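The sequence lines fix the lettering, A, B, ..., with proteins before strands; numbering per chain opens at 1. The structure presented is a predicted model; accordingly, all values stated were derived computationally and were not measured.
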2 protein chains.
Amino acid sequence: MSTPPLRRKRATVHDVAVEAGVSRGTVSRVVNGERYVSDEARVAIEAAIVKVGYVPNNAARNLVMQRTQAIGFIVHEPHSLFLEDPNIGEILLGANTALSDADYQMACLIVDSERDTDRVARYLSGGFVDGVIIVSARQNDPITRVVERLEIPAAFVGHPPDLARAPFVGIDNRGSARTITERLLGTGRTRVGMIAAALDRDSGADRLAGFTDALGSRFDPTLVERVPLYSYAAGRAGMHALLERAPDVDGIFAASDAVAAGVLDALREAGRSVPGDVGVVGFDDSAWAVRAQPALSTVHQPAEGLGRAVAESVLSQLRGEDQPVGGILLETPIVWRDSA
Amino acid sequence: MSTPPLRRKRATVHDVAVEAGVSRGTVSRVVNGERYVSDEARVAIEAAIVKVGYVPNNAARNLVMQRTQAIGFIVHEPHSLFLEDPNIGEILLGANTALSDADYQMACLIVDSERDTDRVARYLSGGFVDGVIIVSARQNDPITRVVERLEIPAAFVGHPPDLARAPFVGIDNRGSARTITERLLGTGRTRVGMIAAALDRDSGADRLAGFTDALGSRFDPTLVERVPLYSYAAGRAGMHALLERAPDVDGIFAASDAVAAGVLDALREAGRSVPGDVGVVGFDDSAWAVRAQPALSTVHQPAEGLGRAVAESVLSQLRGEDQPVGGILLETPIVWRDSA
DNA sequence: TTGAAAGCGTTACCAT
DNA sequence: ATGGTAACGCTTTCAA
């Protein structure tokens, strides 16, 4: 009559092997679903596993397999914007879903300062992750360079400006911007401007390019106001500035829904009606869009899908599969509501 | 003349030991900052570490130390609400910051379905985390029970209804609700109602209780409308229903800012002015609050601080320190804006 | 103060 | 198909 231990130690491969009367090697083969195990052994082992309540020890497995089973999710944004930008949250969620389905852990790293950059660079160099997802890389981003030098499997959301052949998933910012601008033009507006944001990022620059494309010869540079961030505040300030310069605008393409929300408020403050006096369109189809007064006509950005897709890309690289050159572009339907 | 390897293997304690002319044990002692190492040895080892570029291997360390160096962050919410509720994002951010400062990884697990519950329960039982942070636990939550049974270090955001003495950090929902309701009453309103949400959660129930406290004998049950979620849509529908039943309300305490935003729109749709016809106050001081028209008077919830604090609580348990009984309550200043 | 050696729980190789 | 054995990189006794 032995005293049962208070808290049973976790069962190991060894325990399972003893219970099933086989060797540890065979147990390992069954656990990892390899071939060359007799049905007899497999059945016995499977029974033993449930009997002793075996759960593999990740640390041990990772140690011998020389991997970490973790993927870094790097966001290069100020903390506040991380929260304000609904896309990032959704991308994170999508990536997390795909990753945890594949039994990977997501290590979320937010780069906000110089110090963060160093920390993340060290983290990456330390081999704490098997791969990395990078959201909103900037031109000449130190993180991007570390990743490149390390030759660690990586995938970007949005095309990193520096790395020509890096795997990425994104949307056709330029094409979508062009399409929605044309749509806005189609409502009969003649003085259509843009609040362009984040021009140091590919998405920002591409949206402006698409806007220019749509306008063609009608393009008037004085009708575009440049603001630094995709934010409500920037949109509001930008619209006020534009109104000052060009009181006759009758249409606005805002670089994002958050910007558009700011535009709407600025317009209201200036006594302009929407869509009566001026039509406004946004970009993202985020929570801002439905919440706005009036609800925003905008470009739908499949944020969660983007997250899932980047994750899949990294996972696929980890499996050693070839990557599609030129990245993956997801669809961006236009959703037309009341603001234009 | 030996060929240099293309990609240098990662240096190990062994390499450092050889380089410094000491044993692996001593290297380990230096790396972990233990006593009983001669200055001579320490200096030599530190030099060797930078020379060979040594970075500790976490898997190996975790294996021998029987820990994972990961903390689970469990959110029991539908995916969509995870995004809509700005608090959760901030809490997550705060927790992530504290955790990564302590060299812990955060494993974010979202429980949305029955299936997720099982998956998370397995994950926890599998010993994949050293501790766990739980956000928005419900009454009779299976996850909570797993955590309890496993006796794994845990801390809650908000007081879990079932676990009397579980460490938690939160705010005084009842007191805050009472305070802001009194403030609203102080503006001279006589028919003050509430859109109460999420009554299956402590926060929801407590906010209603605080409201009731404030009203005292003036409390009129027909003026409270119950809605399931802290969401914009629920708030809007709830307000419409309440207006139907009690067209004479002149004040509303909405259970959250998102709810309040819905209330505001419902009021506008019903042709009521705010704060003219009816004064509205919310709860959270989230992005919704400033964005609303008019800007919301509300209770400030220190979301990021909550995240940091729960993380610290788990970390402290891991260090074996005593826990303050009764949990930690953070301050919730009232911010008074234009909606009342 | 230090070194030697014994694990931690796996997987992987090599015979059989 | 299976067992034995050697890593994987680290911490932690135990002697010295």
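- Nucleotide dA6(D) holds its P atom 17 Å from the CG atom of Leu63(A), rounded to whole Å.
- Atom CD1 of Ile45(B) and atom P of dT11(D) are 12 Å apart (whole Å).
- Val31(A) comes within contact range of no nucleotide atom at all, as no heavy-atom separation falls under 4.0 Å.
- The pair Glu304(B)-Arg308(B) meets the salt-bridge criterion, with a side-chain N (NZ, NE, NH1 or NH2) lying under 4.0 Å from an Asp/Glu carboxylate O.
- In this structure, Arg319(B) places its CZ atom where more than 12 heavy-atom neighbours from other residues, nucleotides or ligands lie under 6.0 Å away.
- Both Glu34(B) and Arg35(A) sit near DNA chain D, but only Arg35(A) has its closest nucleotide nearer the 5' end.
- Sorted pairs that involve residues 21-63 of chain B and meet ring pair (Phe, Tyr, Trp, His ring centres under 6.0 Å), not counting sequence neighbours, are lacking altogether.
- In this structure, Met65(B) and Val37(B) both approach DNA chain C, and ranking their closest nucleotides by distance from the 5' end singles out Val37(B).
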Under 3.5 Å between N/O atoms: give me all the protein pairs with nucleotides 13-16 of chain D, atom names plus distance.
none

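- At dG9(D), none of the side-chain N or O atoms of Thr12(B) fall inside 4.0 Å of OP1 or OP2 (strictly under the cut-off).
- Contact check for Ile134(B) versus Phe73(B): no side-chain heavy atoms found under the 4.5 Å cut-off.
- Contact annotation: Gln66(A) does not reach the phosphate of dA7(D) (side-chain N/O to OP1 or OP2, under 4.0 Å).
- Atom CZ in Phe128(A) sits about 13 Å away from atom C1' in dC10(D), given to the nearest Å.
- Counting only N and O atoms by type, the side chains of Thr68(A) and Asn62(A) include no donor and acceptor under 3.5 Å apart.
- Summarising the geometry, the separation between CD on Gln69(B) and C1' on dC10(D) is reported as 14 Å, rounded to the nearest angstrom.
- Looking at heavy atoms from C-beta onward, Ser100(B) lies out of side-chain contact with Gln105(B) at the 4.5 angstrom threshold.
- Bounding nucleotides for the chain B contact on DNA chain C, 5' to 3', at a heavy-atom distance below 4.0 Å, are dT1(C) to dG9(C).
- With a 4.5 Å cut-off on side-chain heavy atoms, Leu124(A) and Ile74(A) count as touching.
- The phosphate of dC8(D) has neither OP1 nor OP2 within less than 4.0 Å of any side-chain N or O from Asn62(A).
- Annotation: side chain of Phe156(B) is not in contact with side chain of Val169(B) (no heavy-atom distance under 4.5 Å).
- Counting non-hydrogen atoms under 4.0 angstrom, Val55(A) reaches the backbone sugars and phosphates but no base.
- Between Leu109(A) and Tyr123(A), some side-chain heavy-atom pair lies under the 4.5 Å cut-off.
- No contact: Ala59(A) has no heavy atom under 4.0 Å from any strand.
- Of the residues near DNA chain D, Arg24(A) and Glu40(A), the one whose nearest nucleotide (by heavy atom distance) lies more toward the 5' end is Glu40(A).
- Nucleic acid contact class of Ser28(B) (heavy atoms, under 4.0 Å, all strands): base.
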